[in-house]
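Throughout, protein chains are lettered first and strands after them, A, B, ... in sequence-line order, and every chain is numbered starting at 1. Any value given below was found using the heavy atoms of this structure, including those in side chains, with hydrogens, waters and symmetry copies removed.
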Number of protein chains: 2
Amino acid sequence: MEKNSEDFIYHKLKNAIIKGYIKQGTKLVETALAKQMEVSRTPIRGAIRRLTYEGFAIYEANKGACVIKPTLEEIQETFFVRQQLEKTAARLATENISPEQISKLETYCSEEIRTFEDRDLDEYYRINDAIHLLIAHASGNKVMARYIEELLNRTKIYLILYDPFQTMRFNPSIDEHQNLLDALKARDPAAAEKSMDIHLESAYKGMDIQVLPEDYISL
Amino acid sequence: MEKNSEDFIYHKLKNAIIKGYIKQGTKLVETALAKQMEVSRTPIRGAIRRLTYEGFAIYEANKGACVIKPTLEEIQETFFVRQQLEKTAARLATENISPEQISKLETYCSEEIRTFEDRDLDEYYRINDAIHLLIAHASGNKVMARYIEELLNRTKIYLILYDPFQTMRFNPSIDEHQNLLDALKARDPAAAEKSMDIHLESAYKGMDIQVLPEDYISL
DNA sequence: AATTCATAAATTGTATACAATAATGTTTAA
DNA sequence: TTAAACATTATTGTATACAATTTATGAATT
């Protein structure tokens with residue numbers, strides 16, 4: 001449910017970037033988007049600004065915004081930061097996670113298996129995100145959860161930008177999620193931290209990172 | 001050097017919030033600020049939006065923005081996240097810090113002593129920030145450095161909101177910075193991480209956190 | 001043919017007008 | 001007197017007009 005025009009535009013643009021409908025590095029020209037979306041420049045500017053803050057675009061004063069073109073270095077660095085915070089969250093979660101949250105995690109894990117068998121990629125990613133966010137919140141640290149959410153979103157762009165065919169060929173993280181769940185149930189901080197670390201390592205390694213040709217168009 | 005009107009307003013408002021000229025919870029009314037600052041609502045809206053993203057204000061759709069009123073819990077949580085990232089940065093910096101950066105750190109440390117003796121609080125904070133940012137960058141991870149910078153800014157608001165008389169009565173972190181510098185020079189990851197951890201712990205503890213009366217005005 | 005410069009076009013930044021929503025105050029009914 | 005309904009005001013959201021800046025174009029120069 002969109003609050004207003006700007007919010008609507010924001011979601012539309014974000015989706016277009018994530019799905020690859022707008023190519024990396026493309027300039028986001030306000031007037032063109034305004035005409036296309038049949039609104040004025042005002043909500044377009046707001047949406048672009050928001051995308052900029054969230055790392056989907058870069059902005060240069062008096063020049064405008066472009067869709068990000070993440071470098072391999074930037075991707076590695078972002079994954080590393082995410083890994084640091086999620087490891088800590090997993091450790092803290094062993095102390096704070098509630099029985100309700102644990103049972104919710106269990107349902108997520110079984111849903112995840114189903115979505116993988118059905119090759120329902122969108123749904124698979126959605127559940128994967130839900131698992132990570134649940135653990136982030138179970139840490140009890142709301143500020144950290146917010147940062148993890150932001151980092152999760154950014155790494156999601158990378159995943160899709162650099163795995164454009166989304167083959168779902170990788171060995172999914174189902175076993176790893178199960179290990180994590182076991183560690184949380186056992187309330188074993190070291191094991192939880194380790195599981196999360198390994199999991200994010202393999203998520204990163206599973207990405208088929210390669211610099212795409214300049215004129216590559218995913219759709 | 002401000003890029004444009006919005007940027008100017010942003011810095012002005014941020015300073016007013018950090019210095020406590022604008023009280024916690026105060027509504028930021030666009031028209032009023034526009035009249036006061038002698039510009040239109042457009043750059044005001046942009047500046048407010050930016051402050052919102054950076055956590056200096058909260059926003060409610062169709063209702064507008066208010067200056068944050070951080071709770072004790074939120075302050076603790078933010079310090080904790082900062083501590084996690086800065087510990088890691090210090091550890092990584094032992095591998096990547098350059099001789100130039102080390103010598104710069106040394107000059108910062110001596111300047112810091114001078115500013116403390118002169119009771120020049122603004123300058124003292126500026127150098128303290130510079131030290132932390134330098135180490136963040138010396139980690140070699142630019143993404144992490146950006147997050148640390150953001151967290152540094154946020155904890156700075158807390159410092160001033162909750163230590164409004166800015167008496168500089170605390171035992172300054174000069175010794176702790178020296179320890180950190182020594183660990184970096186020795187390229188000892190464990191020692192660097194530990195020094196940073198201790199340092200941020202004492203910075204947090206040094207804050208005289210107390211919920212101020214509702215109608216408190218610092219200036 | 002390449003470079004420089006001036007001009008024109010395109011694009012972003014700001015101001016202002018109007019629309020939509022929220023907050024406030026006033027009247028009316030029970 | 002209180003509460004609901006309405007009208008009024010204030011404030012935010014959007015559209016549009018204009019200003020400032022950047023980019024594109026093309027002629028003049030070497």
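Toward the 5' end of DNA chain D, the nearer of the two residues Lys27(A) and Tyr59(B), judged by each one's closest nucleotide, is Tyr59(B). Of the two residues contacting DNA chain D, namely Lys63(A) and Glu38(A), the nearest-nucleotide position lying further toward the 5' end is that of Glu38(A).
Comparing dG13(C), dT16(C), dG13(D) against the side chain of Glu30(B) picks out dG13(D) as the nearest. Listed candidates were dT14(C), dA22(C), dT11(D). Nearest to the side chain of Asn4(B) is dT14(C). When distances are taken from the side chain of Ser40(A) to each of dG13(D), dT11(C), dT14(D), the shortest belongs to dT14(D). Of the candidate nucleotides dA15(D), dG13(D), dT14(C), dG13(D) has the atom lying nearest to any side-chain atom of Arg45(B).
Atom pair Arg49(B):CZ and dG13(C):P shows a separation of 13 Å (rounding to whole Å applied). Rounded to an integer number of Å, the gap from CD1 of Ile44(B) to C1' of dT14(D) is 18 Å. If you take NZ of Lys35(B) and P of dA10(D), they are 11 Å apart, rounded to a whole angstrom. Going from atom CZ of Arg50(A) over to atom P of dG13(D) covers 13 Å, rounded to whole Å. Nucleotide dT12(C) holds its P atom 18 Å from the CG atom of Asp7(B), rounded to whole Å. For the pair Lys3(B) NZ and dT22(D) P, the computed distance is 13 Å after rounding to whole Å. The nearest whole Å value for the distance from the CD1 atom in Ile58(A) to the P atom in dT12(C) is 14 Å. Nucleotide dT21(C) holds its P atom 7 Å from the CG atom of Asn62(B), rounded to whole Å.
Counting any heavy atom pair closer than 4.0 Å across all strands shown, Leu28(A) reaches sugar-phosphate atoms only and no base atom. At a threshold of 4.0 angstrom between heavy atoms, the contacts of Ile48(A) with the nucleic acid are absent.
For the residue pair Asn153(A) and Glu54(A), no side-chain donor N or O sits within less than 3.5 Å of a side-chain acceptor on the partner. Counting only N and O atoms by type, the side chains of Gln84(B) and Gln84(A) include no donor and acceptor under 3.5 Å apart.
Using cut-offs of 30° and 60° on the angle between ring planes, the pair His177(A) and His132(A) is perpendicular.
Taking only side-chain nitrogens and oxygens, Thr42(A) never comes nearer than 4.0 Å to OP1 or OP2 of dT14(D). Dashed line: the shortest gap from a side-chain N or O of Arg41(A) to OP1 or OP2 of dT14(D) is not under 4.0 Å.
The side chain to side chain contact (heavy atoms under 4.5 Å, CB included) with Val81(B) is formed by just one residue from the set Ile148(B), Thr155(B), Leu151(B); it is Leu151(B). Evaluated for a side chain to side chain contact (heavy atoms under 4.5 Å, CB included) with Pro70(B), the options Gln24(B), Gln76(B), Arg154(B), Glu77(B) yield exactly one hit, Gln24(B).
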